[in-house]
Amino acid sequence: MVRDGDSRTGVPYSIMTGRVLVHRHVDAWLVGWLAVALWAAGSLLARSGSGLSGSALNGVFWVGAVISASHFGLSYHLAYRTGRAAIAASPFVLLLAPALLATALLGLVALSLASAGAGTVRLTSALLTSVYLMTTWHYVKQVYGVGRVGAAYAGVRLSSGDAQILRYALYPLWFLGAARVLVKGVNYTFGGFPVGWSLLPHQTLTVLQVLALLCAAPVAQVLIRLRRPPAMLVAPYVAAFLWLGLPTNPAMTLLVLAPLHAIQYLAVGHRAEVALAGGAVSPGWWLNIFAGAACGGLLLSRWIPQTLDRAMAAPGQPALFLSAFFVFLNLHHYLIDASIWRSRGPVITAMVSGPPARPEPELPVPSAVPALP
């Protein structure tokens with residue numbers, strides 16, 4: 001999301017006051033309060049010893065997969081929406097880097113199919129681990145960006161010191177998330193490939209968790225100084241510290257966190273699409289995103305690689321193509337997001353200086369009050 005403070009654009013904050021992402025009554029829920037409510041529900045289920053299973057678990061999985069796929073599709077649309085002009089503006093991120101990454105992964109797949117040696121397995125595992133090391137970084141950068149957008153749209157000016165606190169106080173959450181695949185004695189797998197490296201003592205997680213939760217204090221001080229901080233600033237931070245700092249259980253976090261991140265992204269992405277379209281998008285925008293982007297995302301992330309794995313399975317590597325597609329889509333997504341959400345880039349510029357979203361209709365007010373008899 002937004003890399004730098006909105007004040008660097010030189011746009012007066014009064015211009016941004018009153019803007020919305022989707023609707024003023026649901027914005028805060030989309031960017032954080034829904035995640036907080038689900039965290040509370042998950043905590044109650046964990047304490048009661050019950051949980052999702054069977055068809056309910058499968059349903060949650062596929063709903064989450066569709067939402068996550070949609071946010072991938074929206075990020076690609078925002079990045080490549082102007083075609084050649086977009087590539088000319090960011091040739092490394094939008095053309096060279098994905099080409100190099102795809103070439104490297106195709107070479108790895110070819111070597112794995114030809115030899116299926118331990119070396120290719122280790123390399124695939126290392127690439128999968130790199131994705132998970134960057135995942136929480138990607139999450140917390142979005143939290144900061146959404147919070148800054150929320151503050152700007154509410155007309156709240158943050159000092160440079162407050163902005164630095166809001167940014168860097170999230171980094172221990174990233175360290176905590178990364179450490180979960182680096183501690184000894186924890187075994188994760190993806191498609192049969194081991195994920196993570198046993199480098200750190202298990203007590204590291206406790207230390208980093210305490211550090212991360214302590215960093216909530218300066219964030220709270222910033223919000224208290226604002227007296228009436230906007231909900232779009234508060235909600236993503238509360239959700240981040242709860243889900244990343246106090247996870248209900250690993251399975252619940254793995255299942256729910258990615259879709260919640262995607263919902264947050266879709267809300268801000270909708271506002272970006274509105275701004276780039278000059279103040280309005282077609283009535284079928286959400287249908288296009290969920291029908292087109294979700295199907296395209298599922299096609300690339302699941303159906304095509306699973307079909308290839310069934311047709312050309314490497315010995316001992318049953319999900320080779322699924323893993324390669326997973327690495328490509330995530331690493332490229334991280335790269336193009338860094339390009340999309342630059343503070344002086346066209347998307348953020350349009351969001352903070354373009355025409356505001358269409359005002360919500362108000363109830364008619366009678367022109368005159370009838371006289372009392």
Side-chain angles (χ1 to χ4, degrees), residues 52-77 98-99 101-135 138 181 187-196 250-263 265-266 288-336:
L52 298 175
S53 61
S55 59
L57 184 63
N58 192 54
V60 171
F61 171 80
W62 279 107
V63 169
V66 169
I67 295 173
S68 297
S70 299
H71 108 283
F72 275 99
L74 179 56
S75 72
Y76 275 79
H77 183 261
L101 181 59
T103 301
L105 289 170
L106 286 172
L108 176 60
V109 168
L111 285 174
S112 299
L113 291 173
S115 64
T120 58
V121 172
R122 285 196 295 268
L123 184 53
T124 303
S125 297
L127 290 171
L128 289 168
T129 300
S130 71
V131 171
Y132 284 103
L133 289 176
M134 296 179 65
T135 295
H138 179 65
V181 296
N187 299 314
Y188 296 103
T189 61
F190 181 95
F193 290 94
V195 174
M252 186 73 171
T253 301
L254 186 64
L255 185 67
V256 176
L257 187 58
L260 291 173
H261 163 83
I263 289 173
Y265 191 100
L266 287 169
N288 291 335
I289 288 296
F290 280 105
C295 288
L298 289 172
L299 190 70
L300 290 173
S301 64
R302 297 184 183 278
W303 295 327
I304 290 179
Q306 288 175 351
T307 301
L308 291 172
D309 280 322
R310 286 192 296 267
M312 297 180 287
Q317 303 177 54
L320 175 62
F321 285 94
L322 180 64
S323 300
F325 273 72
F326 176 82
V327 170
F328 177 84
L329 289 173
N330 280 278
L331 292 184
H332 189 212
H333 176 63
Y334 300 160
L335 277 173
I336 63 177

Nearest non-hydrogen partners of [X] and [Y], listed with the distance:
X	Y	answer
T129	G196	OG1-N, 2.8 Å
P318	G191	CG-O, 4.1 Å
S68	A262	CA-CB, 3.8 Å
L101	H332	CD2-N, 4.3 Å
A324	L105	O-CD1, 3.6 Å
Q317	T120	NE2-OG1, 3.7 Å

* Between L320 and F193, is a side chain to side chain contact (heavy atoms under 4.5 Å, CB included) present by the stated rule, with each step listed? -> CA-CA 9 Å; L320 175 62; F193 290 94; 4.2 Å; yes
Minimum side-chain heavy-atom gap [X]-[Y] below 4.5 Å:
X	Y	answer
F190	L322	yes
I304	F321	no
S70	Y265	no
L108	L127	yes
M134	N330	no
V131	V195	no

* Partners passing ring-ring contact (aromatic ring centres under 6.0 Å, His included) against H77 (at least two apart in sequence or in another chain) ->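 Not a single residue meets the ring-ring contact (aromatic ring centres under 6.0 Å, His included) criterion with H77.
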* Rounded to the nearest 0.5 Å, what's the gap from OH on Y188 to CG on L128? Could you check? =>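 It comes to 14.5 Å.
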* Structure fact -> Here the gap from L331 atom CG to F326 atom CZ, rounded to the nearest 0.5 Å, amounts to 9.0 Å
* Structure fact -> For Y132, the side-chain hydrogen bond (donor to acceptor under 3.5 Å, both in side chains) test, sequence neighbours excluded, returns none
* Asked: Hey, does the side chain of S75 reach the backbone of H333 with a donor-acceptor pair shorter than 3.5 angstrom?
  -> no
* To do: List the steps and the verdict of side chain to side chain contact (heavy atoms under 4.5 Å, CB included) for L266 and I67.
  => CA-CA 9 Å; L266 287 169; I67 295 173; 4.2 Å; yes
* Do the rings of H138 and H71 sit parallel, tilted or perpendicular, given the 30° and 60° boundaries? -> tilted
